[in-house]
Peer 1: 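Dropping a structure here in structure tokens format, bear with me for questions.
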Amino acid sequence: MASRLPDPGPDERAQSDRLLQLLREQIASHGPMPFAQYMERCLYAPGLGYYSAGKTKFGEAGDFVTAPELGGLFAQCVANAVQPALAMLGDQADFLELGGGSGAFAEAVLHALADAGTLPHRYLILEPSADLRERQRDRLAAALPAELNARVSWLDRPPEENWRGVLFANEVVDALPTTRFTLRAGEVYEEHVTLDGEGRLMRTDRPADALVAGAVRHLERDLGQSFEDGYRSEVLPQLPYWVQAVAGTLEAGLMLFIDYGYVRREFYLPERTDGTLMAHYRHHAHADPLHLPGLNDLTASVDFTALAEAGNSAGFGVAAYLPQAQFLLASGLQAAFEQAYAQAGDDLARQRLAQQVRRLTLPEQMGERFQAMLFARGLPALPLAAELLAADQGGRL
């Protein structure tokens with residue numbers, strides 16, 4: 001697989017080699033590294049990880065395209081979905097985006113919320129990557145009117161004081177460092193990364209600790225059957241703690257997560273024997289997470305049943321769960337498209353709008369692979385459109 005991937009340039013290869021040397025030193029000093037720790041280093045090691053180095057990540061010039069990069073329709077629909085909650089919460093309500101990407105979503109959603117008369121008091125971006133933060137800052141300063149840009153600020157950590165508003169995360173949970181597990185003679189093992197005799201990275205399995213083993217046994221109990229020996233997949237035992245960390249101080253409002261994934265019984269299908277882990281490099285998806293560490297985006301699909309459990313544990317209730325296509329259509333995609341189409345300046349712009357809708361909604365594109373999950377807490381009523389509530393598929397969880 002690696003031989004069919006594009007070759008990196010000399011600067012990229014040098015970055016990957018520096019990260020590889022760091023990984024070798026850590027493994028030599030501390031022994032085999034849990035895969036979740038390896039993934040965290042590959043994505044977030046300062047100056048060397050995928051999200052921490054200067055390479056373009058998003059859009060046609062990067063490694064993958066997210067929904068906000070396609071155009072403004074996605075952000076318009078998100079604004080339509082959450083603006084009743086912002087209106088209910090009043091002029092002190094905030095909007096918190098986890099991981100701001102290129103800044104495209106913030107730019108578009110602030111314009112949409114301004115048009116709706118429901119601008120948040122503050123637009124907060126929790127962005128761990130210093131490089132991405134600077135790109136977002138430059139983009140928004142150039143693209144937004146001064147009054148809108150003045151509402152934007154960046155956070156190093158989740159809010160420590162109680163707040164009210166909306167928390168939004170698009171393609172964030174899939175990038176949380178994931179634990180890989182397998183079964184041997186009925187016992188749970190955790191995948192690690194170690195070195196072979198020539199200093200090359202390789203994967204190995206070690207007996208799981210109590211946290212990982214307990215998370216796998218919980219899956220088996222919920223699924224009503226044990227995993228077969230040799231079955232390998234992913235689990236996020238830290239997910240409840242992560243949700244509590246990022247949203248614990250949201251005393252009243254909505255959380256909206258959009259990501260690719262499945263309900264639990266579809267995530268852990270017996271035939272899916274090697275999980276969902278993928279690497280993305282220059283619009284090529286491949287299955288070798290050890291290839292060119294630091295240059296690939298490493299992701300795993302989301303177990304939305306686990307996300308619902310984590311939200312419940314943090315004191316939120318699931319308000320709606322549905323595929324992205326249904327979420328967008330229930331949030332005014334048709335009207336947003338028609339308005340943008342009428343305002344388009346030429347045939348090329350209209351073709352791009354139609355292509356945007358296709359990418360967002362077709363089952364084989366993002367429409368069915370991506371799911372939307374809304375949580376609510378502390379609101380006197382559920383401020384969601386009737387179309388959204390009618391399309392809810394929460395019973396599948």
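Along the sequence shown, the residues carry numbers beginning at 1. Heavy-atom basis, side chains included; hydrogens, waters and symmetry copies ignored.
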Peer 1: Are more than 12 heavy atoms from other residues, nucleotides or ligands located less than 6.0 Å from atom CD of Glu228?
Peer 2: no
Peer 1: Output yes when Arg184 and Asp205 qualify as a salt bridge under the 4.0 Å nitrogen-oxygen rule, no when they do not.
Peer 2: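 Judged by the 4.0 Å cut-off on N to carboxylate O distance, Arg184 and Asp205 do form a salt bridge.
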Peer 1: With a cut-off of 6.0 Å (strictly less than), are more than 12 heavy atoms of other residues, nucleotides or ligands near CD of Glu161?
Peer 2: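 Check fails, neighbour count at 12 or below.
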Peer 1: I'd like to know if Arg265 and Asp222 make a salt bridge, using a cut-off of under 4.0 Å between side-chain N and carboxylate O.
Peer 2: no
Peer 1: Tell me, do Arg24 and Leu195 make a side-chain contact under 4.5 Å, heavy atoms counted?
Peer 2: yes
Peer 1: Could you tell me if the side chain of Arg264 sits less than 4.5 Å from the side chain of Leu223, heavy atoms only?
Peer 2: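 Of all side-chain heavy-atom pairs linking Arg264 with Leu223, at least one is under 4.5 Å.
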Peer 1: Are Tyr281 and Leu295 close enough that some pair of their side-chain heavy atoms sits under 4.5 Å apart?
Peer 2: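 Contact flag for Tyr281/Leu295 side chains = yes.
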Peer 1: If you define the side chain from C-beta out and look only at heavy atoms, does anything of Val263 sit under 4.5 Å from Tyr321?
Peer 2: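 In short, these two side chains touch, coming nearer than 4.5 Å.
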Peer 1: Decide whether a cation-pi geometry holds between Arg272 and Tyr262; the criteria are a distance under 6.0 Å from NZ or CZ to the six-membered ring centre and an angle within 45° of the ring axis.
Peer 2: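 Judged by the rule, Arg272 and Tyr262 form a cation-pi pair.
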Peer 1: Side chains of Trp154 and Leu126: closer than 4.5 Å at any heavy-atom pair?
Peer 2: no
Peer 1: Side chains of Thr178 and Met39: does their closest heavy-atom pair fall under 4.5 Å?
Peer 2: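 Yes, close enough: below the 4.5 Å cut-off.
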Peer 1: For this output row, return yes or no: ring centroids of Tyr268 and Tyr231 closer than 6.0 angstrom.
Peer 2: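 Centroid distance Tyr268-Tyr231: not below 6.0 Å, so no.
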Peer 1: Is there side-chain contact between Leu250 and Phe316, with heavy atoms separated by less than 4.5 Å?
Peer 2: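 Yes - at least one pair of side-chain heavy atoms lies under 4.5 Å apart.
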Peer 1: Are any non-hydrogen side-chain atoms of Leu113 and Gln83 less than 4.5 angstrom apart?
Peer 2: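 A side-chain contact under 4.5 Å exists here.
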Peer 1: State plainly whether the residues Asp138 and Arg135 are in salt-bridge range, i.e. N to O under 4.0 Å.
Peer 2: no
